[in-house]
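Below: one structure, written as structure tokens.
Quick note on labels: first sequence line is chain A, next is B, and so on, each numbered from 1.
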Amino acid sequence: MPVLLVLVFLLIIFLEAPGLIKKKWWREMIAVSFFLLLGFALSLPQVLGFELPSPNIVIEAIFKPISDWLRVTT
Amino acid sequence: MLEDGRISSRQATFLMSTMIIATVVLFVPSITAKYARQDAWLSIIAAILAGLLIARLATTLGLRYPDKSIFEYPEDILGKWPGKLVGLLYVCWFLHLNAEVIREYGSFMVTAFMPETPIIVFILVVVSIAAYATINGLEVFSRANEIFLPLIVGSVIILFILALGQMNFHMLLPMFDAEPEDVLKGAIAPEGWFGEVAVITVLIPYLNKPREAHRVGALAVLTCGGLLLLDAVGIIALFGPNLVEAWLITTLNGARMIIVASFIERLEAVIMIIWVTGGLIKITVFYWAAALGSAQLLKLKDYRPLVVPIGTVLVSLSTLLHPNISDLLQFLTSVWPPYAIIVFEAGLPLLLLTVSLARGIRGARV
Amino acid sequence: MNRKIILLMVLILALLFPEGCWSRREINELAIVLGAGLDRTADNKVQLTLQLARPSAFSGGGENAGGEAPRQNNSWVVTGTGDTVLDAENNLALKVSRHIYWSHSIIIVYGESMARGGVRDVSNFFMRNPQPRETSWIFVTEGEAKNVLESHSELEKTSAQSIAFLARNQPGYSIMLEDFQQNLTSPGTNPAAPRIQLLKLGQPQGVGMEERLRHEEVGITGTGIFKDDKLVGWLDMSETRGLLWLHGKVKEGAIIVPSPGQPDKKISLAISRDKIKVNPEYDGETVKFNVNIEFDMELLEQQSNEDLTQPEKIKEIERLAAEEVLEQCNSALAKAQGDYGTDIFGFGEAFHRKYKTEWKKVKGHWNDEFQKARVDIAVEPHLRLTGMLHRRASLKR
Amino acid sequence: MRRVTRHIKGGCRNKAKIPPGSSNKDSSAELDESLLLTENLTTNLFRIKQFLIDCSDIVYREFLFAQREDIRLVMIYTDGLADKSQLSDQIMRALSLELPLSAPQADITRSGAYHLIKERGVCVHQIKETNRLDEIIEAILSGDTVLLVEGNSTAIINGARGWESRSISEPDTEVIVRGPREAFVENLSTNTAMLRRKLKSHLLKIEALRLGRISKTDVVIIYIKGVANEKLVTEVKRRLRKIDLDGILGSGYIEELIEDNPWSPFPQINHTERPDRMAARLLEGRVGIMVDGTPFALTVPNVFIEYLQAPEDYYERFYFATGVRIIRFAALVLSLTAPSLYVAIITFHQEMLPTPLLLSIAAQRESVPYPAIFEVLFMELSFEILREAGIRLPRQIGQAVSIVGALIIGEAAVRAGLVASATVIVVAITGISSFVFFYSASIAIRMLRFPIMMASAALGLFGLISSIIVLVLHLCSLRSFGIPYLSPVAPISVGDMKDVVLRVPWWAMYNRPRLIGWKNPRRLGPEQKPDFPEVKNRGGAGDA
């Protein structure tokens with residue numbers, strides 16, 4: 001699975017990069033790499049079986065009073 | 001401009017309607033019935049009214065800068081870096097929202113139709129289709145949506161009519177049984193969805209006639225509201241409030257109840273069509289908004305190279321967000337709506353509008 | 001760019017295709033469940049009985065029509081036990097070579113042992129699992145559900161279908177899983193389900209049939225009534241009519257009353273279009289229900305030889321019909337209200353609709369409240385049609 | 001049916017409209033000394049022969065003008081392309097025998113002969129003069145006859161073309177019951193004439209082009225001035241002029257060279273062999289392209305809906321036409337999705353079938369050893385093979401092969417337990433449905449059926465719906481000469497809905513399609529709905 005993931009990302013780079021380099025769109029290149037890295041960083045641990053904390057925890061913590069009010073009590 | 005497509009007001013209305021309907025008809029009747037029980041329709045009407053307000057707020061703000069999107073004009077209003085921050089927040093919100101929707105999409109397919117299939121399959125398929133649509137641009141998916149929306153609305157209405165025979169409208173009685181507080185609570189979830197109409201702040205610069213944006217927002221909310229009302233009333237009349245609140249995806253169960261002269265049975269497929277097409281359009285809209293937003297924030301020449309990388313983020317984020325479906329539902333019921341409404345659908349637009357009005361600045365006129 | 005995306009999509013599909021097909025089930029790998037029966041064994045386990053279709057018996061019409069070939073079994077009945085329904089199904093699956101497939105199950109039969117002990121625990125499975133239908137018909141049987149499913153139908157291909165059609169045609173009280181569940185969850189009403197029994201019916205026709213088939217078929221013989229989720233008693237057919245009247249569900253059927261002038265002769269009236277109004281009254285102490293039943297009748301049979309077309313005779317017939325219906329209703333009421341104290345008529349919901357605030361006080365113990373309630377029933381029959389005859393043709397002058 | 005008759009063509013084409021340089025892209029474009037004729041006939045002849053070396057079909061006929069040894073004439077033409085009877089009657093006999101008798105003897109000199117021949121000698125309708133070798137060569141090869149006169153550096157080109165060609169016959173690919181029965185033929189001038197007969201207006205413009213480096217094929221652009229958008233006409237011309245290909249042998253070549261989305265499986269340029277259909281499209285504001293040598297005329301822009309419209313729709317009553325349209329839509333959906341839907345339902349969503357049907361299909365499949373998808377693929381493939389065989393084989397055998405083959409294979413496969421009979425029914429329905437609508441579109445649909453089948457075999461209905469969505473997205477992204485391919489459905493144009501599922505009566509077809517004919521939208525006069533009160537009154541008076 002990790003190998004497959006790396007392959008997929010390599011494929012995406014292979015499809016994306018040449019066009020950008022040819023057009024010398026370096027800003028775009030940076031943005032693309034940023035998102036690809038983010039995607040890779042988020043997916044690799046999952047594929048390897050680590051449990052990442054959900055980003056929702058922060059939101060849940062902040063909105064706890066309201067969500068407690070909203071929780072159905074039966 | 002990054003996106004060279006222009007859409008008509010009708011296309012924009014259709015786009016927003018599909019976007020909201022898709023998720024609303026599936027989950028909301030059950031969530032609302034949890035609080036307001038047979039008075040769910042009351043909650044929905046309240047939500048429609050609030051949705052109209054939000055739409056008005058978003059369009060008023062957007063029309064002050066008719067040639068800019070919400071990723072750009074905060075810079076004019078708040079100054080460069082705070083403005084960029086607001087734009088960035090919106091990009092993140094669209095990404096997050098989209099990941100949630102994609103997760104819902106997968107969960108729905110897995111729960112209702114193909115429990116043996118891993119959820120990642122549906123996520124991958126839908127994200128790649130959405131990427132294809134996004135790359136084709138606003139005009140193309142708006143046009144495709146002009147085919148999908150009539151299909152979706154037609155299906156909902158036909159399902160309603162077919163199920164009419166099994167409905168018992170006594171279930172809606174007694175009216176006004178729920179406490180006002182519960183009605184209010186019930187209104188928050190649909191309101192969170194109606195509030196997604198705030199995405200019109202991204203669409204306004206691409207409208208043929210930006211002046212009609214007010215109408216677009218209002219019509220979209222009314223269309224979805226009407227359909228949701230029909231759906232919720234039908235479902236409650238079919239099952240009674242006790243069962244509706246117990247079920248995960250009540251509309252699906254409603255469709256399964258339909259028996260027409262022992263010939264047509266189990267119309268789940270129709271629900272699947274509604275959800276798969278509608279959900280796809282919704283995901284595409286936010287996908288496009290996120291890609292466009294990042295490109296506008298970073299002042300890129302094109303948003304298209306970003307689409308596939310953003311897709312990888314969406315896929316990994318959507319599998320990361322929730323460990324299981326009850327966590328997803330809990331989040332959608334009690335955390336997401338207040339979060340979305342308070343911060344992004346009402347809060348930030350209100351802030352931007354106030355500052356803009358106070359400083360008396362506005363963009364080009366149309 | 002566009003082409004690249006399409007390439008990606010094709011790749012994804014190509015990846016999915018060979019290892020895909022997770023949910024794929026070829027039809028000939030399915031054991032199609034036609035009906036399910038649930039019993040509780042002596043050691044408090046769930047005993048699940050499934051009637052599985054044998055597809056080869058359903059191949060197109062006519063090949064065995066000669067009657068010479070021995071008739072095949074159309075279905076196969078298997079039983080398994082376990083702590084939960086799914087556990088029982090898994091144990092049962094050990095004996096079945098195919099994947100058990102619920103979506104076409106049209107009946108669920110609760111054996112008496114299961115019904116008396118409460119059905120809420122097991123019925124949850126049918127709601128939670130996406131495969132079984134909400135539109136399955138629910139039955140209770142005296143004795144074991146297994147026996148009922150093992151029976152055979154002369155008219156239909158399998159007994160499950162035969163039972164389901166019995167329910168669909170509604171000669172008795174019939175209820176779907178979804179309505180049953182709704183009644184279970186609502187505090188204002190209790191469920192009821194038709195009672196089916198094995199009856200000695202018909203004689204198998206044809207060579208060799210006597211040995212092959214048990215000539216017992218399933219018939220509806222009344223209604224089982226529940227208090228909350230537990231079976232508490234039975235209504236016979238006449239009381240079931242009363243239940244149907246009080247539910248406003250009499251779609252068809254007949255009332256037999258004595259002929260007004262010749263009480264030893266009978267006349268039959270077919271019923272159409274019934275309407276019921278339940279009007280609760282509450283004074284803070286006791287609940288009172290004013291029930292008004294209105295229906296249309298058609299005179300279809302006359303044993304007597306008097307002329308029934310006179311207005312006063314019609315009045316009289318209407319009165320007699322009203323009495324008959326009232327008696328049916330009262331007998332059902334007496335059983336449900338008097339003997340078992342369970343509101344199977346949904347009066348509680350009618351009460352809820354009218355007295356929103358008061359309901360909150362009584363809904364916790366509604367069945368007790370119902371037991372104390374007074375029910376006044378008014379019946380208003382209308383004889384609208386007299387069939388194709390003006391009066392009896394064989395009248396000798 | 002295909003009676004071959006001798007077709008006589010009136011004259012050489014008026015080439016005045018050909019912009020210089022557009023027709024010949026090789027070296028002849030610039031004027032070169034060596035490409036001009038000299039006064040010496042032998043040199044000229046030698047040069048021409050140099051060009052046409054090893055072209056055995058070129059005929060050089062030398063003869064004398066008025067039997068004078070010093071005035072030699074050479075007539076050059078291509079065997080089979082020039083009208084020989086006209087040549088011998090009108091040119092040779094006239095020049096060698098008749099003209100010398102009537103003309104004043106004083107004029108019969110080397111210098112005078114040329115003018116004499118030009119003005120009085122040649123009795124053909126169209127002549128042209130040139131002093132350029134390349135033009136001469138082109139004229140010879142196009143079927144014109146070139147006359148060289150001793151001592152003159154200009155040649156006379158006689159438009160006496162005439163070659164074997166097919167006569168006008170009934171259309172083979174677009175058969176209808178009620179309506180005109182003529183189809184375009186291979187000959188371009190016959191085709192333009194047919195069109196001109198339909199639209200006798202000076203507004204019908206037929207502009208000529210010559211394409212193909214070697215084939216030098218005549219191509220015309222046809223449009224109605226004032227109806228067709230000029231921008232569209234310019235764009236068509238621009239794209240056509242860009243073509244640089246050695247030979248254009250059919251309109252299909254051009255189609256693929258000027259499409260907007262060359263990778264799409266859907267044709268974005270429509271073609272027809274019916275002059276009436278072509279005329280109808282021109283009247284809607286479209287632009288036509290006709291190529292010499294092919295009976296199929298192209299029209300642009302093309303929208304998807306056109307494939308579901310048949311010419312018959314406009315000749316029959318509108319109720320009928322609307323009904324048939326609905327059937328065609330159903331056929332479109334069926335031919336695209338029926339096998340996939342079948343596979344999806346019987347392998348993933350068996351709950352959607354009514355119980356008796358499920359049991360009956362289960363009984364049929366009991367003995368089938370393969371998964372449903374292979375069964376369907378096998379049957380679909382054999383159906384496609386049969387269809388291809390039916391088209392390629394000689395006509396009489398072809399029909400027998402397709403019908404018998406389908407019957408025998410289907411029946412035998414069911415008997416052998418290889419496929420379920422339900423599969424055969426589904427495949428047959430799919431196959432039949434794909435014949436209902438226009439052939440070119442049905443090719444795309446037939447092809448796309450297979451990936452959709454794969455998707456539904458992998459993911460059931462979800463795969464089916466997803467692939468349909470991709471298809472719709474793709475169709476929405478297409479444009480044909482700037483017009484969205486799915487218009488007027490997407491983008492919705494309410495006014496144009498009158499000719500999509502409905503075909504409203506002619507008295508209600510007020511406007512041309514909005515996106516195509518916006519320049520001059522009105523096509524119907526006011527108050528055209530039949531309402532003849534005087535007739536009614538007369539009837540009333542009769543009663544009284």
inquiry  = Quick check: do F462(D) and F122(B) have side-chain heavy atoms less than 4.5 Å from each other?
reply    = yes

Please examine the side chains of E351(D) and R256(B), heavy atoms only from C-beta on, and report whether any two atoms are closer than 4.5 Å. no

- Item | Residue I345(D) versus chain B: region with a heavy atom under 4.5 Å |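 When you check distances to chain B, no heavy atom of I345(D) falls under 4.5 Å.
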
**Heavy-atom proximity to chain B below 4.5 Å, by part of L473(D)** =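 Both parts, backbone and side chain.
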
Between [atom1] on residue [X] and [atom2] on residue [Y], distance to nearest 0.5 Å:
X       : Y       : atom1 : atom2 : value
S467(D) : I129(B) : OG    : CD1   : 7.5 Å
S466(D) : L280(B) : OG    : CG    : 7.5 Å
I147(B) : I492(D) : CD1   : CD1   : 8.5 Å

Self-check item: CD/E116(B): more than 12 non-hydrogen atoms of other groups inside 6.0 Å
Solution: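 Yes, enclosed.
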
Applying a strict 4.5 Å limit to non-hydrogen atoms, the region of I273(B) in contact with chain D is both

Requested in this report: Answer with side chain, backbone, both or neither: which region of M109(B) has an atom nearer than 4.5 Å to a non-hydrogen atom of chain D?
Outcome: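 For M109(B), the side chain is the part near chain D, not the backbone.
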
Flag the one option from F148(B), W275(B), F113(B) with the top tally of heavy-atom pairs under 4.5 Å to chain D.
->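 Top count of heavy-atom pairs under 4.5 Å with chain D: F148(B).
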
Closest non-hydrogen atoms of L459(D) and M114(B), given as atom of the first, atom of the second and distance, are O-CE, 3.0 Å

Residues 9-22 of chain B vs chain D, non-hydrogen distance cutoff under 4.5 Å, contacting residues -> R10(B), Q11(B), F14(B)

With a strict 4.5 Å heavy-atom criterion, list every residue of residues 138-146 of chain B that contacts chain D, or say none.
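Listed by number, the contacting residues are E139(B), V140(B), F141(B), R143(B), A144(B), E146(B).
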
query: For chain B, which residues from residues 494-503 of chain D lie under 4.5 Å away (heavy-atom distances)?
result: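 Hits under 4.5 Å: V494(D).
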
Residue pairs meeting salt bridge (charged side-chain N to carboxylate O under 4.0 Å, His left out), one or both in residues 442-462 of chain D, sequence neighbours left out, come to E380(D)-R449(D), E384(D)-R446(D), E384(D)-R449(D)

